[in-house]
Amino acid sequence: MDRKRNNPTWCCDQIEEKINDYKSSLAEIKEEEVKRQLEIVIDDLETILYG
């Protein structure tokens, strides 16, 4: 399957938005394992976005 990639600037904007959404939801999460997994996702996305 050959798929065209989105514009890099748009992708970065979307990743930043998702990171902020995920960070906001951390305060509402009670289960520590789920919270830790979300922190890992945030860290991974920030590493990809900001190197």
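Bear in mind the structure is a predicted one, so any value in this text is a computation, not a measurement.
The SG atom of Cys12 sits 10.5 Å away from the CD1 atom of Ile48 when rounded to the nearest 0.5 Å.
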Counting only pairs under 3.5 Å, give me each side-chain donor-acceptor contact of residues 28-38, with atom names and distances, residues two or more places apart or in other chains.
from	atom 1	to	atom 2	distance (Å)
Glu33	OE2	Gln37	NE2	3.0
Arg36	NH1	Glu39	OE1	3.3

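Note on residues 8-22: pairs passing side chain to side chain donor-acceptor pair (under 3.5 Å), not counting sequence neighbours, are Glu16-Tyr50. Among residue pairs with one or both ends in residues 41-51, those qualifying as salt bridge (Lys or Arg N to Asp or Glu O under 4.0 Å) are Lys23-Glu46; sequence neighbours excluded.
Counting Ile, Leu, Val, Met, Phe, Trp and Tyr side chains that sit under 4.5 Å apart, directly or through other members, Ile40 stands alone, with no cluster partners.
For the pair Val41/Ile19, no side-chain contact is recorded, criterion being any heavy-atom separation below 4.5 Å from C-beta on.
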